[in-house]
Amino acid sequence: MSYRVRLEMFEGPLDLLLYLIQVNEIDIYDIPIAKITQEYLGCLAEMKELDLEVAGEFLVLAATLIHIKSKMLIPVEEVAAEGPPAEDPRQELVERLLEYKRFKEAAMTFEELEADQSLLYVRPADPAVPIADGPLEISLSALLRAFMTVMQRAPEAVAGEITPEMINVGERMVALLDRLALQSPVLFMALFEGVTTRLQLIATFLGLLELLRRGLVRARQTEPGGEITIYRTVETAVETDGHPG
Amino acid sequence: MDTQADLSPLGIIEALLFVSDTPLSLERIEAVLDGYSKTEVSRLLADLLEKYRQPDRGIVVSEVAGGYRLTTKPEAAPGIQRLRGSKPARLSRAALETLALIAYKQPITKPEIVAVRGVMVDGVLKTLVERDLVRILGRKPEVGRPILYGTSRAFLEYFGFKDLSELPTLKEIEALAPNAAGKEASHEAVKHIEEAEGVVRPD
Amino acid sequence: MDTQADLSPLGIIEALLFVSDTPLSLERIEAVLDGYSKTEVSRLLADLLEKYRQPDRGIVVSEVAGGYRLTTKPEAAPGIQRLRGSKPARLSRAALETLALIAYKQPITKPEIVAVRGVMVDGVLKTLVERDLVRILGRKPEVGRPILYGTSRAFLEYFGFKDLSELPTLKEIEALAPNAAGKEASHEAVKHIEEAEGVVRPD
């Protein structure tokens with residue numbers, strides 16, 4: 001090879017492949033797989049020290065190329081003139097390459113637009129602007145970040161103690177409490193009515209266990225093997241009752 | 001209103017654009033001005049744009065992300081960079097590719113992005129969400145319920161688009177694009193989603 | 001378009017004043033303009049002041065102790081106030097953190113929230129309940145019968161989730177949110193995101 005290639009130059013295996021196709025002036029619709037595979041593997045071989053994760057991505061495509069190459073070696077049976085043409089083993093790869101190329105080119109357009117826009121300056125944000133009383137504005141990302149921050153700051157023991165690990169469980173707990181607010185006691189089995197997926201079933205059960213553990217509900221079984229009933233121990237609270245302010 | 005009677009509506013709009021840290025939509029200006037119809041506000045904005053279109057002005061009114069904003073002219077950039085002693089940071093190529101993919105294919109999941117780019121995108125996606133160019137739209141109703149990503153209003157501002165319909169047309173895949181029509185349709189769908197989410201305000 | 005020669009020095013000064021968050025002194029402008037004497041800059045500023053002294057302008061160049069700056073005219077104040085009043089409100093950092101905690105750890109009591117956040121949360125809780133983001137689920141049957149809090153229907157609707165199980169999981173958050181090292185920076189980022197995201201909750 002007359003050129004030296006460094007993997008960092010490329011945004012991934014498809015980018016590298018596109019580059020090889022371009023420098024060799026190859027028609028993307030008729031890729032000489034044997035030649036391009038050899039070049040591609042040659043590039044990989046030059047990388048002595050590779051980030052394992054990155055290498056993996058490049059190796060996956062190497063395997064694909066080798067697979068296509070092997071398929072190309074199998075002689076195509078003569079097909080009757082009116083029969084459907086045999087599918088080219090390269091077709092899927094070509095489609096992927098073209099799809100990637102479209103977005104790579106779009107990214108280049110974006111880069112130009114970014115360059116243009118970076119020359120336009122807006123007024124610096126005024127820190128004195130008071131928070132208004134208008135409709136509320138929160139972003140989900142902001143909420144997630146707030147949660148991460150609060151959990152990172154929290155004393156470990158405390159944070160762990162009130163952590164039901166799965167969010168689904170928390171959701172089920174609330175749903176169960178709501179259900180029990182309407183009707184209590186209720187039959188254990190009735191709490192699972194309308195639960196269709198196994199995951200939901202497990203979540204509901206774990207939610208119930210957690211409620212029991214926290215003493216927010218009680219379970220009662222009058223006789224062995226008999227029906228289990230669930231009681232709500234949470235007391236109803238009106239919004240103003242005991243609420244600060 | 002008496003106090004503001006001293007100042008022309010043009011002046012008020014100019015002041016509003018000056019103090020706002022996001023582009024102001026026609027509707028918001030109309031609501032603040034009070035007593036002027038949308039058509040009138042629209043005409044006033046056109047007047048203001050015209051007034052600012054003078055060669056010796058250093059700032060201009062431009063239309064972006066469903067609203068109007070004041071920015072400096074590009075020719076003033078070297079001076080501003082000297083004043084600040086720095087240039088604005090740019091996105092990496094990986095970030096730009098991922099962003100392009102999200103912009104055209106939204107709503108899109110992480111696995112779908114990975115499938116096209118052929119590389120892991122966790123780090124890049126995180127950066128884009130952090131910079132608020134990309135936002136979470138919800139979850140895809142399929143196994144694993146992956147998170148759906150889309151572009152934000154900040155994205156439109158960042159690249160100077162009025163709305164998503166202004167995205168440059170993607171080059172069609174020649175011979176191998178039997179579903180090109182479907183692609184266009186999905187682009188339309190995205191626009192509708194955006195409108196519904198209030199990111200792009202229909203004029 | 002790439003050289004600043006295309007823009008008059010007057011335009012450059014206007015742009016500099018526009019982007020600066022503090023008044024600019026004559027010396028500072030002179031240093032940036034490069035090639036203009038102090039007297040010339042002084043004259044240019046006088047010109048700019050004059051140009052801005054038009055009755056229908058909403059902004060003016062004013063001379064203050066530290067130098068020159070652009071400000072809105074006092075007559076524009078009522079309009080600006082209305083604009084800010086219509087501006088989507090943001091939750092304080094404390095409110096946002098408490099809301100996040102309730103969202104992910106519900107049902108949760110006030111003492112539990114306090115234990116995690118390490119500060120009093122009465123005011124914040126009140127705001128969240130008033131804003132209808134948080135609801136009271138009931139009282140925990142233990143000493144003091146603390147109130148149990150959870151998120152409301154409106155909370156889900158606000159973020160477009162069908163139910164709580166659609167909230168991004170902890171694992172997904174970790175992949176998207178900044179780590180401990182970026183804590184302070186994240187505050188800034190959060191602020192920008194809130195400003196940029198054009199989601200307005202129907203009241």
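Here is how names work: the chains are called A, B, and so on, in the same order as the sequence lines, proteins then strands, and each is numbered from 1.
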For this session: Please report the shortest heavy-atom distance between A:Glu11 and B:Ala94, naming the atom on each side.
Result: OE1-CB, 3.0 Å

Exercise. So, does A:Glu114 use its side chain to make a donor-acceptor pair with the main chain of B:Phe159 at under 3.5 Å?
Worked result: no

For this session: Locate the shortest heavy-atom distance separating B:Val116 from A:Tyr100; write the atom from each residue and the value.
Result: O-CD1, 3.7 Å

Exercise. Is it the case that more than 12 heavy atoms not belonging to A:Phe205 sit under 6.0 Å from its CZ atom?
Worked result: no

Exercise. With the threshold set at 4.0 Å, does a side-chain nitrogen-carboxylate oxygen contact exist between A:Asp15 and B:Arg117?
Worked result: no

Exercise. Distance from A:Leu119 atom CG to B:Gln81 atom CD, nearest 0.5 Å?
Worked result: 7.0 Å

Seminar exercise, completed: Rounded to the nearest 0.5 Å, the OG1 atom of B:Thr72 sits from the CZ atom of A:Arg123 at a distance of 12.0 Å

Seminar exercise, completed: Note: B:Arg93 and A:Met9 closest approach over all heavy atoms is NH1-O, 3.6 Å

Exercise. Considering only heavy atoms, which portion of A:Ser118 lies under 4.5 Å from any heavy atom of chain B: side chain, backbone, both, or neither?
Worked result: both

For this session: Could you tell me whether the side chain of A:Pro13 reaches within less than 4.5 Å of the side chain of B:Val119, counting heavy atoms only?
Result: yes

Exercise. Is there a donor in the side chain of A:Gln117 and an acceptor in the side chain of B:Tyr158, or the other way round, less than 3.5 Å apart?
Worked result: no

Exercise. Side chain, backbone, both or neither: which part of A:Glu111 has an atom under 4.5 Å from a heavy atom of chain B?
Worked result: both

For this session: With side chain to side chain contact (heavy atoms under 4.5 Å, CB included) as the test, would you mind laying out the steps for B:Glu97 and A:Phe110 before giving the verdict?
Result: CA-CA 9 Å; B:Glu97 278 187 15; A:Phe110 275 28; over 6 Å; no

For this session: Check A:Ala106 against B:Tyr104 and note the closest heavy-atom contact, atom names and distance.
Result: CB-CE1, 3.8 Å

Exercise. B:Ala95 versus chain A, heavy atoms under 4.5 Å apart: side chain, backbone, both or neither?
Worked result: neither

Seminar exercise, completed: Honestly, the part of B:Arg69 sitting under 4.5 Å from a heavy atom of chain A is side chain

Seminar exercise, completed: When the 4.5 angstrom heavy-atom criterion is applied to A:Leu120 and chain B, the contacting part is both

Exercise. Which one of B:Leu91, B:Thr98, B:Leu99 has the most heavy-atom pairs closer than 4.5 Å to chain A?
Worked result: B:Leu91

Problem set entry | Toward chain A, the part of B:Phe161 with a non-hydrogen atom under 4.5 Å | side chain

Exercise. Is the shortest heavy-atom distance from the side chain of B:Leu96 to the side chain of A:Phe103 under 4.5 Å?
Worked result: no

Problem set entry | Atom group of B:Leu101 that falls short of 4.5 Å from chain A, counting heavy atoms | both

Problem set entry | B:Glu40, CD atom: more than 12 neighbouring heavy atoms under 6.0 Å | yes

